[in-house]
Amino acid sequence: MRGRNRILIIWITLFIGLCLQIIPWSPSYNMFKPHLLILIFAYWLIALPHRVGIGTAFVFGVMMDLCTGSILGIHAFIYSFIAYLLVFKFQVIRNLALWQQSFIIFGVSVCYNLLVFLFQVSIYHTITISPLILLSSCIDGLLWIVIYLLLRLIRRSFAIN
């Protein structure tokens with residue numbers, strides 16, 4: 001498989017993650033909604049930081065802002081910040097056991113939720129946070145194992161380097 005097709009597979013998985021992320025959930029179940037796009041980004045940033053980087057995270061953050069109708073740049077900033085954190089220590093994270101990586105992803109998800117909360121407070125002056133928001137972070141930590149194994153299978157079957 002040629003280089004362009006390999007990068008296309010990465011972008012397709014990210015686009016699928018974006019589509020799954022923007023699917024609306026019922027308000028009563030919204031606290032359980034996993035951040036699938038962040039999980040897929042985390043995998044590609046840890047596995048192939050030379051192919052997917054902060055710029056890609058920024059582009060998908062802008063697309064997330066456009067799809068959700070939020071203020072332009074909020075998700076772009078948050079995704080770029082999270083991408084920076086993951087790329088900065090990708091070699092350490094890559095060498096951890098899968099259950100240890102789940103704890104890192106839990107922390108990344110908490111960071112995402114707190115940054116979204118800070119932007120909501122600073123822009124809309126409304127405080128809408130609940131300790132139940134940690135449920136989505138716990139689900140992200142558990143779902144990381146499935147996402148990791150699935151994307152690793154895709155990466156190996158298409159020989160993406």
Side-chain angles (χ1 to χ4, degrees), residues 4-90 93 101-144 146-148 150-151 154-155 160:
R4 290 183 184 159
N5 292 339
R6 292 177 183 155
I7 293 176
L8 185 64
I9 298 294
I10 295 172
W11 279 77
I12 287 171
T13 59
L14 290 170
F15 186 72
I16 290 170
L18 177 69
C19 292
L20 291 173
Q21 187 67 41
I22 62 174
I23 293 174
W25 284 33
S26 161
S28 58
Y29 293 114
N30 201 28
M31 68 186 94
F32 299 111
K33 185 176 182 180
H35 305 107
L36 293 171
L37 184 58
I38 289 178
L39 293 174
I40 294 171
F41 259 120
Y43 176 79
W44 291 119
L45 288 166
I46 293 168
L48 300 170
H50 61 281
R51 298 267 187 219
V52 177
I54 298 170
T56 309
F58 184 83
V59 168
F60 274 89
V62 169
M63 290 193 317
M64 181 75 169
D65 286 331
L66 292 173
C67 290
T68 59
S70 63
I71 294 176
L72 193 62
I74 290 177
H75 284 96
F77 172 77
I78 294 172
Y79 285 3
S80 299
F81 180 73
I82 288 173
Y84 172 75
L85 292 177
L86 291 172
V87 168
F88 184 65
K89 291 291 183 180
F90 80 95
I93 298 169
Q101 289 180 7
S102 291
F103 284 111
I104 300 288
I105 296 302
F106 171 78
V108 165
S109 181
V110 169
C111 178
Y112 172 80
N113 288 330
L114 287 177
L115 285 172
V116 168
F117 170 71
L118 289 175
F119 275 110
Q120 284 178 348
V121 167
S122 65
I123 293 172
Y124 302 117
H125 304 292
T126 59
I127 299 176
T128 56
I129 193 165
S130 167
L132 296 176
I133 200 71
L134 292 176
L135 287 175
S136 81
S137 298
C138 289
I139 290 172
D140 286 344
L142 293 174
L143 198 58
W144 169 250
V146 175
I147 296 290
Y148 177 87
L150 177 68
L151 289 176
I154 290 171
R155 189 176 121 221
I160 302 171

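Since this is a predicted model, take the numbers as computed values, not measurements. Throughout, numbering of the chain's residues begins at 1 and tracks the sequence.
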Under 6.0 Å between ring centres: does that hold for F60 and F41?
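When the ring centroids of F60 and F41 are compared, they turn out to be within the sub-6.0 Å range.
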If you measure from [atom1] on [X] to [atom2] on [Y], what distance do you get to the nearest 0.5 Å?
{"X": "L36", "Y": "L14", "atom1": "CG", "atom2": "CG", "value": "12.0 Å"}
{"X": "F81", "Y": "I54", "atom1": "CZ", "atom2": "CD1", "value": "10.5 Å"}
{"X": "T56", "Y": "L45", "atom1": "OG1", "atom2": "CG", "value": "8.0 Å"}
{"X": "I105", "Y": "L86", "atom1": "CD1", "atom2": "CG", "value": "6.0 Å"}
{"X": "T68", "Y": "I22", "atom1": "OG1", "atom2": "CD1", "value": "8.5 Å"}
{"X": "I46", "Y": "I93", "atom1": "CD1", "atom2": "CD1", "value": "4.5 Å"}

With the side chain counted from C-beta on, respond yes when L48 and R155 share a heavy-atom pair under 4.5 Å apart, and no when they do not.
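A side-chain contact exists here, since the closest heavy-atom pair is under 4.5 Å.
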So, W44 versus T13: side-chain donor-acceptor pair below 3.5 Å or not?
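A donor-acceptor contact under 3.5 Å links the two side chains.
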Under the 3.5 angstrom rule, does the side chain of [X] hit a backbone N or O of [Y] as a donor-acceptor pair?
{"X": "K33", "Y": "Q21", "value": "yes"}
{"X": "D65", "Y": "I74", "value": "yes"}
{"X": "S80", "Y": "A76", "value": "yes"}

If you compare all heavy atoms of S109 against all heavy atoms of D140, which two are closest, and at what distance to 0.1 Å?
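In terms of heavy atoms, the two residues are closest at OG-OD2, 2.6 Å.
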V52 and side-chain contact (heavy atoms from CB on, under 4.5 Å): which single residue from I7, V87, I40, I10 fits?
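For V52, the side-chain contact (heavy atoms from CB on, under 4.5 Å) test succeeds with only one of I7, V87, I40, I10, which is I10.
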Between F117, Y124, F119, which is the residue that forms a side-chain contact (heavy atoms from CB on, under 4.5 Å) with V121?
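It is F117; the other options fail the test.
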Geometric class of the Y84/F88 ring pair [parallel <30°, tilted 30-60°, perpendicular >60°]
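Correct class here is parallel.
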